[in-house]
Amino acid sequence: VQLQASGGGLVQAGGSLRLSCVASGSILSIDGMGWYRQAPGKELELVATITPGGSTNYAVSVKGRFTISRDNAKNTVWLQMNSLEPEDTAVYYCRVDMSTTSAGKSSYGDYWGSGTQVTVSS
């Protein structure tokens, strides 16, 4: 099972970026999906989450600027980031809670992508 995140980069304040994360491999089902971030010298923090039914949750600092969405058929979650601020600079990680199978056995757990760097210049 693999999570491939992409879409990070360098952008000026006020700009936009769209992150994507695709889950692949021996997946039986996907539950919650989300994005987290870690800025230099700071702890990992939740950015946004989305349930299979589309219910969303956002950190207060990004509400109204970021939008999380998903395509259940494509095992993909996106994070549209608008009105970016220098404080949004961080490594962004996707997280997916899912059931997988290996050697005939199923298991459930949370999987993390490798992270994508987002840098917002002032």
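Along the sequence shown, the residues carry numbers beginning at 1.
- Val1 and Tyr93 are members of different hydrophobic clusters when ILVMFWY side chains are connected at heavy-atom separations under 4.5 Å.
- Counting heavy atoms from C-beta on, the side chains of Asn57 and Leu46 come closer than 4.5 Å.
- The line from OG1 of Thr76 to CD of Gln4 is 11.5 Å long, rounded to the nearest 0.5 Å.
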Could you check Val118 against Leu19 for side-chain contact (heavy atoms from CB on, under 4.5 Å), going step by step and ending with a plain yes or no? CA-CA 9 Å; Val118 171; Leu19 306 183; 4.1 Å; yes
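- Between Pro52 and Arg70 the shortest side-chain heavy-atom distance falls below 4.5 Å.
- Contact annotation: the side chain of Val62 approaches that of Arg37 to within less than 4.5 Å [non-hydrogen atoms, C-beta and beyond].
- Here the straight-line distance linking atom OH of Tyr111 with atom CD1 of Ile27 works out to 8.5 Å at 0.5 Å rounding.
- Nearest heavy-atom pair, Ser69 versus Ile50, reported as atom, atom and distance to 0.1 Å: CA-CD1, 3.8 Å.
- Counting heavy atoms from C-beta on, the side chains of Asp88 and Arg65 come closer than 4.5 Å.
- Rounding to the nearest 0.5 angstrom, the gap separating the CD atom in Gln38 from the CD atom in Glu45 is 9.5 Å.
- How far CH2 of Trp35 is from OG1 of Thr49: 13.5 Å, rounded to the nearest 0.5 Å.
- Side-chain atoms of Tyr58 come within 3.5 Å of backbone N or O of Ile68 as a donor-acceptor pair.
- In this structure, Ser122 and Pro86 have side chains that are in contact, with non-hydrogen atoms separated by less than 4.5 Å.
- Looking only at side-chain heavy atoms (C-beta outward), Val91 and Tyr36 stay at 4.5 Å or farther from each other.
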List the steps, then state whether side-chain contact (heavy atoms from CB on, under 4.5 Å) holds for Thr67 with Trp78. CA-CA 8 Å; Thr67 301; Trp78 295 276; over 6 Å; no
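- Contact check for Gln80 versus Ser16: side-chain heavy atoms found under the 4.5 Å cut-off.
- For the residue pair Ser20/Ser6, the side-chain donor-acceptor check at 3.5 Å is satisfied.
- The shortest distance between side-chain heavy atoms of Met98 and Asn75 does not fall below 4.5 Å.
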Run the side-chain contact (heavy atoms from CB on, under 4.5 Å) test on Phe66 and Leu17 for me, step by step, so that the C-alpha distance in whole Å, both residues' side-chain angles and the decisive distance to 0.1 Å come before the verdict. CA-CA 10 Å; Phe66 291 10; Leu17 285 173; over 6 Å; no
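- Looking at every heavy atom in both residues, Ser99 comes nearest to Tyr108 through OG-CD1, 3.2 Å.
- Under 3.5 Å, the side chains of Thr119 and Gln117 contain a donor-acceptor pair of N or O atoms.
- Atom CG of residue Asp71 and atom CE of residue Met33 lie 9.0 Å apart, to the nearest 0.5 angstrom.
- From Lys63, atom NZ reaches atom OG1 of Thr56 across 8.5 Å, with rounding to the nearest 0.5 Å.
- Put simply, Val22 and Leu3 are part of two different groups of oily side chains (I, L, V, M, F, W, Y) that touch within less than 4.5 Å, one to the next.
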